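For reference, the structure is listed below as C-alpha cells.
All of these numbers come straight from a predicted model, not from anything done at the bench.
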Amino acid sequence: MVEIATLDHPGLLAKVGGLFMMQGLDIHSAKIATLGERAEDIFFVTKKDGTPMSDSEAETFAAQLKSALDEASSLVSGHH
C-alpha cells in the first residue's frame, strides 16, 4: 500500500501512475480523494510478479515519489 497526501494539481495522477509503471509496479486498486486543494490517494500495488514490495522497497519508492512530486508539503509513506 502506498499513501500520498499532497496539494492537488493537474496531471498529478498521470505523474504518479507513470512512476508506478517506471518502477515495474501494478496498481490493483486505488482510493482517490480530493479535499479542496488536497489530494489524498491510496494505491494497492504489487511488483510485476504479483509479490508485495518489501518494507525497504516501499520506503525507497515513497522517497522517489515525494521527490518527484516536489512539493514541500507532500506527505508520502509506503507500506507493504
Side-chain angles (χ1 to χ4, degrees):
M1 181 174 84
V2 176
E3 291 183 65
I4 300 168
T6 189
L7 293 176
D8 192 25
H9 61 274
L12 174 63
L13 288 176
K15 185 182 291 186
V16 170
L19 290 165
F20 283 118
M21 192 173 71
M22 287 189 323
Q23 291 298 315
L25 298 172
D26 286 333
I27 300 171
H28 291 272
S29 65
K31 179 181 173 189
I32 310 298
T34 305
L35 311 166
E37 294 181 344
R38 290 195 62 72
E40 296 183 5
D41 307 328
I42 301 173
F43 298 90
F44 296 91
V45 301
T46 61
K47 295 186 279 189
K48 290 288 183 195
D49 63 4
T51 60
M53 289 187 288
S54 68
D55 285 341
S56 62
E57 288 171 326
E59 287 173 20
T60 299
F61 181 64
Q64 291 170 337
L65 261 178
K66 188 171 185 175
S67 174
L69 293 174
D70 199 31
E71 294 281 347
S73 62
S74 290
L75 301 172
V76 180
S77 61
H79 310 280
H80 76 272

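- Heavy atoms only, all atoms of each residue included: Asp26 and Lys47 are closest at OD2-O, 4.3 Å.
- For the atom pair Leu13 CG and Ile32 CD1, the distance stands at 5.0 Å (nearest 0.5 Å).
- Of the possible polar contacts, none joining the Ser67 side chain to the Ala63 backbone as a donor-acceptor pair under 3.5 Å is found.
- In this structure, the side chain to side chain contact (heavy atoms under 4.5 Å, CB included) partners of Lys31, at least two apart in sequence or on a different chain, are Ile42.
- In this structure, Val2 is not a member of the same hydrophobic cluster as Met21, with clusters built from ILVMFWY side-chain heavy atoms closer than 4.5 Å.
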Check step by step if side chain to side chain contact (heavy atoms under 4.5 Å, CB included) holds for Asp41 and Leu12.
CA-CA 11 Å; Asp41 307 328; Leu12 174 63; 4.3 Å; yes
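- Scored by the side-chain hydrogen bond (donor to acceptor under 3.5 Å, both in side chains) test, Ser29 finds no partners at all (sequence neighbours excluded).
- Residues passing the side-chain hydrogen bond (donor to acceptor under 3.5 Å, both in side chains) test with Thr34: none are found, sequence neighbours excluded.
- Interatomic distance, NZ of Lys48 versus OG1 of Thr46, reported as 8.5 Å (0.5 Å rounding).
- Here Gln23 pairs with Gln64 under the side-chain hydrogen bond (donor to acceptor under 3.5 Å, both in side chains) rule; sequence neighbours left out.
- Judged as a ring pair (Phe, Tyr, Trp, His ring centres under 6.0 Å), and not counting sequence neighbours, the contacts of Phe43 are Phe20.
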Would Val45 and Phe61 count as a side chain to side chain contact (heavy atoms under 4.5 Å, CB included) if you check the C-alpha gap in whole Å, the side-chain angles of each, and the deciding distance to 0.1 Å?
CA-CA 12 Å; Val45 301; Phe61 181 64; 6.0 Å; no
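- Considering only residues two or more places apart in sequence or on other chains, Lys15 meets the side-chain hydrogen bond (donor to acceptor under 3.5 Å, both in side chains) condition with none of them.
- Closest approach of Ala5 to Glu40, counting heavy atoms only: CB-CG, 4.2 Å.
- To the nearest 0.5 Å, atoms CZ (Arg38) and CG (Leu7) are separated by 6.0 Å.
- Cluster annotation: Ile4 is not connected to Leu35 through the hydrophobic network of ILVMFWY side chains, with a link wherever side-chain heavy atoms come within less than 4.5 Å.
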